[in-house]
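Notes for the one structure printed next.
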Amino acid sequence: MTTEHIRGLIAAPFTPMHENGAINTSIIPKYYRFLKDNKVTGAFICGSTGEGVSMSTEEKKQVASAWADCTKDDKDFKVMLFLGGTSITDCKDLARYAKQIGLYAISFTAPFYFKPANVDMLATACAEIAAVVPDMPFYYYHIPVLTGVGFAMYDLLNAVDHKIPNFAGVKYTHEDFMDFLSCMHFKDGKYDMLWGRDENMLSALVLGTKGAVGSTFNYAAPLYYDMIDAFEADDLKKAQQLQQQSIDMIRLLGKYGGIATGKAYMKLIDINCGEFRLPVKNMDASQFEQFKKDVDGVGFHNFKSKATSLV
């Protein structure tokens with residue numbers, strides 16, 4: 001199959017949750033409209049940011065169904081479901097469900113408990129899952145910092161080429177620019193390479209990327225579109241300054257404990273997604289007050305995502 005190369009920003013949405021930790025799908029239609037207001041072109045749901053590994057298969061289906069319902073009439077907005085990476089059986093089940101409800105694509109990452117011994121075993125796992133939805137784009141999710149599986153993606157493309165007809169490309173969340181560029185040039189750009197590191201997106205633009213998936217696109221999409229515009233206008237100095245603003249914003253994630261800080265950013269744009277599930281640590285009330293001061297200090301109000309259609 002011929003797969004479209006996605007352009008623009010794809011958000012990795014947070015999974016909204018109630019105070020008791022239960023899934024809160026009622027927020028998702030509002031969330032979708034908010035992303036559209038900020039020119040986001042798709043959603044990579046139930047991934048790392050979406051806490052997919054902390055959710056049951058049934059919960060993932062609930063989230064996927066909610067996104068499918070509110071985007072079904074919007075063919076320009078691509079919803080990609082992250083299946084998981086430990087149970088091949090569950091991944092197949094979720095893949096079939098994604099197809100049934102009309103999502104655009106599925107994604108799978110390397111098994112990270114019983115790890116594949118080599119890239120051929122990883123390719124075999126990808127093939128088994130992709131085969132259950134042969135006319136649906138399949139993306140590999142490369143995030144070795146979390147999976148501990150760091151095979152070169154150029155080697156994976158060689159292993160899957162002509163063997164997995166619906167292998168669409170890679171969500172590339174790693175810093176190996178040599179490997180990334182080689183993948184972009186593989187078979188004259190056959191596969192869709194989606195950049196996954198917001199903090200060094202400018203470097204990926206230099207290499208020619210046209211699409212990216214990121215968590216900070218949820219709440220700071222205008223910053224990145226301004227950076228893309230500056231880069232395309234050959235205003236490298238402005239593009240560098242905007243990337244530095246991105247870095248300053250992202251540094252606060254580390255200061256306040258990591259990935260859960262993203263949900264604190266969401267509260268500042270009036271989309272309360274609750275908190276992260278265990279074992280992730282959330283900030284307390286006093287830390288949140290200090291966080292708001294630090295956010296003001298990096299000029300977040302100047303580039304944060306804004307809604308025009310929410311009621």
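Quantities reported herein were computed from a predicted structural model and do not represent experimental measurements.
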Main-chain N/O of [Y] paired to [X] side chain as donor or acceptor, under 3.5 Å:
X: Glu275; Y: Ala260; result: no
X: Asp198; Y: Thr216; result: yes
X: Asp176; Y: Ala152; result: no
X: Tyr225; Y: Leu9; result: yes
X: Thr41; Y: Arg7; result: yes
X: Lys210; Y: Met193; result: no
X: Lys263; Y: Cys273; result: yes
X: Ser65; Y: Lys61; result: no
X: Asp93; Y: Thr89; result: no
X: Asn24; Y: Pro16; result: no

Looking at every non-hydrogen atom in both residues, tell me the closest pair between [X] and [Y] and how far apart they are.
X: Gly85; Y: Cys91; result: N-SG, 4.1 Å
X: Ala168; Y: Pro137; result: CB-CB, 3.9 Å
X: Asn166; Y: Pro134; result: CB-O, 3.3 Å
X: Cys46; Y: Phe82; result: O-CD2, 3.0 Å

Once rounded to the nearest 0.5 Å, what's the spacing between atom [atom1] of [X] and atom [atom2] of [Y]?
X: Tyr256; Y: Asp284; atom1: OH; atom2: CG; result: 10.5 Å
X: Met55; Y: Gln62; atom1: CE; atom2: CD; result: 8.0 Å
X: Met249; Y: Ile247; atom1: CE; atom2: CD1; result: 10.0 Å

Those residues at least two apart in sequence (or on a different chain) that pass side chain to side chain contact (heavy atoms under 4.5 Å, CB included) with Asp73 are none
With sequence neighbours excluded, what pairs up with Asp90 under the side chain to side chain contact (heavy atoms under 4.5 Å, CB included) test?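 Side chain to side chain contact (heavy atoms under 4.5 Å, CB included) check on Asp90 returns Thr57, Ser87.
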Residues that Lys187 engages under salt bridge (Lys or Arg N to Asp or Glu O under 4.0 Å), provided they are two or more places apart: Asp161
With Arg277, which residues qualify under salt bridge (Lys or Arg N to Asp or Glu O under 4.0 Å), at least two apart?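 Arg277: salt bridge (Lys or Arg N to Asp or Glu O under 4.0 Å) contacts with Glu59.
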Please evaluate residues Met266 and Tyr31 with respect to the criterion side-chain contact (heavy atoms from CB on, under 4.5 Å), reporting the C-alpha separation (whole Å), side-chain torsions for both, the decisive distance (0.1 Å), and the verdict. CA-CA 10 Å; Met266 293 302 288; Tyr31 202 156; 3.6 Å; yes
Taking the six-membered ring of Phe44 as reference, does the NZ or CZ atom of Lys171 fall below 6.0 Å from its centre and within a 45° cone about the axis? yes
With a 4.5 Å heavy-atom cut-off, do Phe177 and Asn200 have their side chains touching? yes
Option among Tyr172, Tyr191, Phe180 that satisfies the ring-ring contact (aromatic ring centres under 6.0 Å, His included) test with His142: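 It is Tyr172; the other options fail the test.
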Let me see the working for Asn282 and Phe288 under side-chain contact (heavy atoms from CB on, under 4.5 Å), right down to the final yes or no. CA-CA 10 Å; Asn282 295 278; Phe288 183 62; over 6 Å; no
Quick check on Lys238: does its NZ atom have over 12 non-hydrogen neighbours (other residues, nucleotides or ligands) under 6.0 Å away? no
Over 12 foreign heavy atoms within 6.0 Å of CD, Glu289: yes
In this structure, is the centre-to-centre distance between the rings of Tyr265 and Phe291 below 6.0 Å?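 Yes, close enough.
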Side chains of residues 101-111: which donor-acceptor partners sit under 3.5 Å, not counting sequence neighbours?
| unit_1 | atom_1 | unit_2 | atom_2 | d |
| --- | --- | --- | --- | --- |
| Ser107 | OG | Tyr139 | O | 3.0 |
| Thr109 | OG1 | Tyr141 | O | 2.6 |

Give a yes or no on whether Leu35 and Met227 share a hydrophobic cluster (residues Ile, Leu, Val, Met, Phe, Trp, Tyr; joining criterion: side-chain heavy atoms under 4.5 Å apart). yes
Common cluster, Met184/Phe151, ILVMFWY with side-chain heavy-atom separation under 4.5 Å: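 Linked, Met184 and Phe151 end up in one cluster.
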Verdict with reasoning, Phe303 to Asp226, per side-chain contact (heavy atoms from CB on, under 4.5 Å): CA-CA 9 Å; Phe303 55 77; Asp226 285 349; 5.9 Å; no
Please report, to 0.1 Å, the donor-acceptor pairs under 3.5 Å made by any side chain of residues 114-133, with sequence neighbours excluded.
| unit_1 | atom_1 | unit_2 | atom_2 | d |
| --- | --- | --- | --- | --- |
| Lys115 | NZ | Phe112 | O | 3.2 |
| Asn118 | OD1 | Asp120 | N | 3.1 |
| Asn118 | OD1 | Met121 | N | 2.9 |
| Thr124 | OG1 | Asp120 | O | 2.9 |
| Glu128 | OE2 | Lys92 | NZ | 2.7 |

Can Lys293 and Asp296 be said to form a salt bridge (Lys or Arg N to Asp or Glu O under 4.0 Å), step by step? CA-CA 5 Å; Lys293 294 178 183 178; Asp296 288 341; over 6 Å; no
